[in-house]
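Working notes, beginning with the structure itself.
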Amino acid sequence: MKYVDEFRDPQLIRRTADEIRRLMEPGRHYRFMEVCGGHTHAIYRFGLEDLLPDSIELVHGPGCPVCVLPMGRVDDGLALAVEHGAIVTAFGDMMRVPGRRGSPLEHIARGADIRMVYSPLDALKLACDNPDRQVVFFAIGFETTAPSTALTLRRARSLGVPNLTVFSNHVTIIPAIRAILDSPDMRIDGFIGPGHVSTVIGCRPYEFVARDYGRPIVVSGFEPLDVLQGIVMILRQLREGRAEVENQYARVVPWEGNLPALQAMAETFELRPYFEWRGLGFISQSALGVSAAYADFDAERRFELPGVRVTDPKAAQCGEVLKGVLKPHRCKLFGRECTPEHPVGALMVSSEGACAAYYNFAHRRARLEEDAAPAPAAAAG
Amino acid sequence: MCLAIPGRIVEFAAEPSFAVVDVTGVRRKVNVDLLRPDGLAVDDWVLIHVGFAMSRISAEQAEEQLRLLTMLGEATLAAEEVEGYQFE
Ligand code: SF4
């Protein structure tokens, strides 16, 4: 464990790890899903798996926005620049995500006007500075990021900016969790609930996980101790036969969420009847389109888009990794055809993607051989 | 994009939606509409995501977050990101 001595309170970290061991039933194997890509990233960068007993398996969830985006949507976004001549703006995470004819970066090299921004407000600024051009913001993200797009839409309207539109690929976490719970090849004993998403939506929306599926879910922070304490709280619930929503991250996450954020989202977005997720397929009411009230700012209403479904390259197993039925390094392309320098799938691009996390944190690689022994019981669904 | 960058509010902008934050010495305007109802003050710490203050945190939490970011070599990335905001 490389970092443990550098943590603020290594004693406390060790005590918490001991507490985890004490709470486990002998002989039981636990599978906990960390829903959010931010947790996946934290778990690997801090080497937290090294602190956990082997019988606790952390399964990486779908909470990585660029990872769940199907390739067809990437192509649609690129078409806005290539076919419609718009300035397409996107976060850095998107820049190397492969589309059918290459990533946004490769399209820039071929002359498409695609620009990296750090904020949707940057896209608004670009639109104000280029009144004779169409500017599109390629919006991605869960409820953490959607409020920023929502407030930008509001601002664009109040400033009367006619040339900014949003290509919304915002998705919502609850239907994805439900899809995983409903998936027959998925056995999860408890959930580490997303921290940042929950600052916006609060804790109440997770109640169905406990009530309808009998699984504990503990909203947790991103520091090493937070993740370990989240696991302690899940184990305690299992031990005491409880299934509840608990909030380990109460210092940041209010139980009711962020009301101004929820109001802005309700005003500017509407739930799509269904949306395709990589790996999880079509999930009803799982994504946010621009609302009718903001129709003038909707790229999908303003521009004709190809809207073609594109299947991932055959050998790529991104879908199975996203669902948590396959560990990243078991993908046939991992570390060979697919690396962060030459990514085949988006999971290798984003810092929140499980494949990139596995690849980048070398200490983890030493352990790959160990658990490479039994054949994966994947692809059942 | 970083999920949460700790920044300290140093002043409020003329426009009520914005405040200037300091992130490891880099100063930039961010939108504070999501937190305004809580009554923000100068020297409050906030977590910033894509140009928006998302949550208020204590000074100790901010310090610990910055320490972890530095330890992982990600503090410069966070500052670069904030420096990269083009809107003003
Ligand atoms: S290694 Fe590459 S192709 Fe395989 S699952 Fe990961 S991102 Fe997809």
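Lettering follows sequence order; numbering is per chain, from 1. Worth saying up front: this structure is predicted, and the values here are computed from it rather than measured.
- Taking OG1 of A:Thr199 as the start and CZ of B:Arg56 as the end, the distance is 14.5 Å to the nearest 0.5 Å.
- For B:Glu63, the CD atom sits in a loose shell: 12 or fewer heavy atoms of surrounding residues, nucleotides or ligands are nearer than 6.0 Å.
- A donor-acceptor pair shorter than 3.5 Å cannot be found between the side chains of B:His49 and A:Ser148.
- Here the side chain of B:Asp33 pairs no donor or acceptor atom with the backbone of A:Leu151 at under 3.5 angstrom.
- Most heavy-atom pairs under 4.5 Å with chain B, from the set A:Arg155, A:Gln263, A:Lys125: that is A:Arg155.
- Counting heavy atoms from C-beta on, the side chains of A:Phe46 and B:Leu68 come closer than 4.5 Å.
- In this structure, the portions of B:Leu34 lying under 4.5 Å from any heavy atom of chain A include both its backbone and its side chain.
- Residue contact with chain B, scored on non-hydrogen atoms closer than 4.5 Å, is absent for A:Val117.
- In this structure, the separation between CD on B:Glu80 and OH on A:Tyr118 is 6.5 Å, given to the nearest 0.5 Å.
- Considering CD of B:Glu74 and CZ of A:Arg45, their distance stands at 4.5 Å, rounded to 0.5 Å.
- Atom-to-atom distance recorded for B:Phe87:CZ and A:Asp129:CG is 13.5 Å, nearest 0.5 angstrom.
- Using a 4.5 Å cut-off between heavy atoms, A:Thr144 contacts chain B through both its backbone and its side chain.
- Atom CD1 of B:Ile57 is separated from atom CZ of A:Arg251 by 8.5 Å, given to the nearest 0.5 angstrom.
- Residues A:Ser119 and B:Gly51 approach most closely at OG-CA, 3.9 Å, considering heavy atoms.
- Below 4.5 Å, heavy atoms of chain A meet heavy atoms from B:Glu15, B:Phe18, all part of residues 9-30 of chain B.
- When heavy atoms are compared at a cutoff of 4.5 Å, B:Tyr85 approaches chain A by way of both its backbone and its side chain.
- Comparing A:Ala264, A:Pro120, A:Gly38, A:Gly195 by how many heavy-atom pairs each has under 4.5 Å with chain B, the most go to A:Pro120.
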Q: Verify side chain to side chain contact (heavy atoms under 4.5 Å, CB included) between A:Asn258 and B:Leu35, making sure each step is shown before the conclusion.
A: CA-CA 8 Å; A:Asn258 184 314; B:Leu35 297 182; 4.3 Å; yes
(Q) Applying side chain to side chain contact (heavy atoms under 4.5 Å, CB included) to A:Thr152 and B:Phe52, what does each step give before you reach the verdict? (A) CA-CA 10 Å; A:Thr152 303; B:Phe52 291 77; 3.7 Å; yes
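- Residues B:Met54 and A:Val252 are not in side-chain contact: their nearest non-hydrogen atoms beyond the backbone lie 4.5 Å or more apart.
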